[in-house]
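The residues of the chain are indexed from 1 along the displayed sequence.
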Amino acid sequence: MASEDVVQSKESAVSTIVNLAEEAKLASEGVKAPSHAILSICKSLVAGGVAGGVSRTAVAPLERLKILLQVQNPHNIKYNGTIQGLKYIWQTEGFRGLFKGNGTNCARIVPNSAVKFFSYEQASSGILWFYRQQSGNEDAQLTPVLRLGAGACAGIIAMSATYPMDMVRGRLTVQTDKSPYQYRGMFHALSTILREEGFRALYKGWLPSVIGVVPYVGLNFSVYESLKDWLTKTRPFGLVEDNELGVTTRLACGAVAGTIGQTVAYPLDVIRRRMQMVGWSHAASIVTGDGRSTAAPEYNGMVDAFRKTVRNEGFGALYKGLVPNSVKVVPSIAIAFVTYEIVKDVLGVEMRISD
C-alpha cells in the first residue's frame, strides 16, 4: 500500500509539473491559459462598467433634462431649452435635482454590458456557423455586415434584459418636488409599478426601443467606418500617421457617428419615454401639467403615440430634448474612453473586451 501511495504521489507531482510547464509555455508564446483569459475578460467588464458609470454620471444633468423635455406637458412648458432648463432644475430642486434617476441608470450599466458582451459572442458564433454552412467554406470569416447583425442582436437582447431598469429610471427622472406621489428609490418604484400596474407595465415602450436599436447601431457602425476610411485615404490636416488615426480623431469619428445615429433614431426614444408614463395614476406634475391639461396622455400603442404626438404638438415634438442629448455625446464618449483606460491599467487588464 505504501508503495502505491508513493507511486500516486509521484504521478500527481509529475502531473502538476507538466501543467505548470504547459502554462509557462503558453505564456511565453503570448497565449493565456483559460483561467487567465476568463479573469482578464472579467476585469475588462468591470473596467467597462466603471467607465460607463462615471461617464453617465458626468452627463446626468443633460440626460435628465432630455427626458424632461421629452415628456413635459405641452399645456404647461417649464423647460424651454438647454440652458434655461438646467437653470430651472437648479433653482427649483437644487444640486441633487440634476442627478435624479442617475443611480438607477448606473445600476443597469454593468449587467447591460455583461449581457451585451455575452450575447454578441453567442450571436457571432451562431451567425458564423450558419454562414459557413450556407457558403460551404469552412474558413469563411465574419463580414462587417454579419458583425453588424450580431451587434444588433446583442443590443436588442441586452436592452430587453435591462428594460425594466430603464423604465424605472424614466419615472424617477421626471419626478419633481411637486409630484403628488414620490418613489423613494429604485426598488420602491419597481414594487409600486408591479403592484399598481402589473408586470407588463415594466415593458411599456419596448417595441419602439427594439426598432430604434437597429438603425442606431447600424448607423453607428457605417458612419464610423466610413469616416475612418475617408480620413485614412485623404489624410487631411495631417491626422493620419503611419496609416493609423490618433485617439482624438477616433473619438471625433465616434462622436459624429453617435450624433447621427441618435438623431435618426431619436423620435423612437421620445415615443418610448411617453409610453412609459402611460398608466401612472400619480403621474409627476411635469407630465400632467399641474392640472392644466384637459386629460392625461393615453396611447394605445406605438403608432397611436406617434399620431397623437404629431397631431397635438407638431412634428418638432418628436425631437424634444435633442440638443442636450447631442451635447452630452462628445463628453460621454471621451470620459468613458479615458476612464476605461485608467481602470484597465489599475486592474492590470491585458485584454480588451473587443479581443
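With sequence neighbours excluded, no residue satisfies side chain to side chain donor-acceptor pair (under 3.5 Å) with Ser125. Partners of Phe99 according to the ring-ring contact (aromatic ring centres under 6.0 Å, His included) rule, which considers only residues two or more places apart in sequence or in another chain, are Phe95. Applying the side chain to side chain contact (heavy atoms under 4.5 Å, CB included) criterion to Leu62, with sequence neighbours excluded, gives Thr82, Leu86, Pro324, Val327, Lys328. With sequence neighbours excluded, the residues forming a salt bridge (charged side-chain N to carboxylate O under 4.0 Å, His left out) with Arg169 are Glu63, Asp166, listed by chain and number. Scored by the side chain to side chain donor-acceptor pair (under 3.5 Å) test, Thr57 finds Asn102 as partners (sequence neighbours excluded). Residues satisfying the side chain to side chain contact (heavy atoms under 4.5 Å, CB included) criterion with Phe130, sequence neighbours excluded, are Gln134. The side chain to side chain donor-acceptor pair (under 3.5 Å) test applied to Ser124 returns no partner, not counting sequence neighbours. Under the side chain to side chain contact (heavy atoms under 4.5 Å, CB included) criterion, Ala161 pairs with Val115, not counting sequence neighbours.
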Does the side-chain contact (heavy atoms from CB on, under 4.5 Å) test come out yes or no for Leu202 and Tyr163, once each step is laid out? CA-CA 7 Å; Leu202 294 176; Tyr163 191 81; over 6 Å; no
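Among residues at least two apart or in separate chains, there is no salt bridge (Lys or Arg N to Asp or Glu O under 4.0 Å) pair with a member in residues 125-136. Screening residues 300-313 for side chain to side chain donor-acceptor pair (under 3.5 Å) gives Arg274-Glu313, Asp304-Arg307, Asp304-Lys308, Glu313-Lys320 as the qualifying pairs, with residues at least two apart or on separate chains.
Summarising the hydrophobic clusters (Ile, Leu, Val, Met, Phe, Trp, Tyr; side-chain heavy atoms under 4.5 Å, direct or chained), the residues clustered with Ile83 are none.
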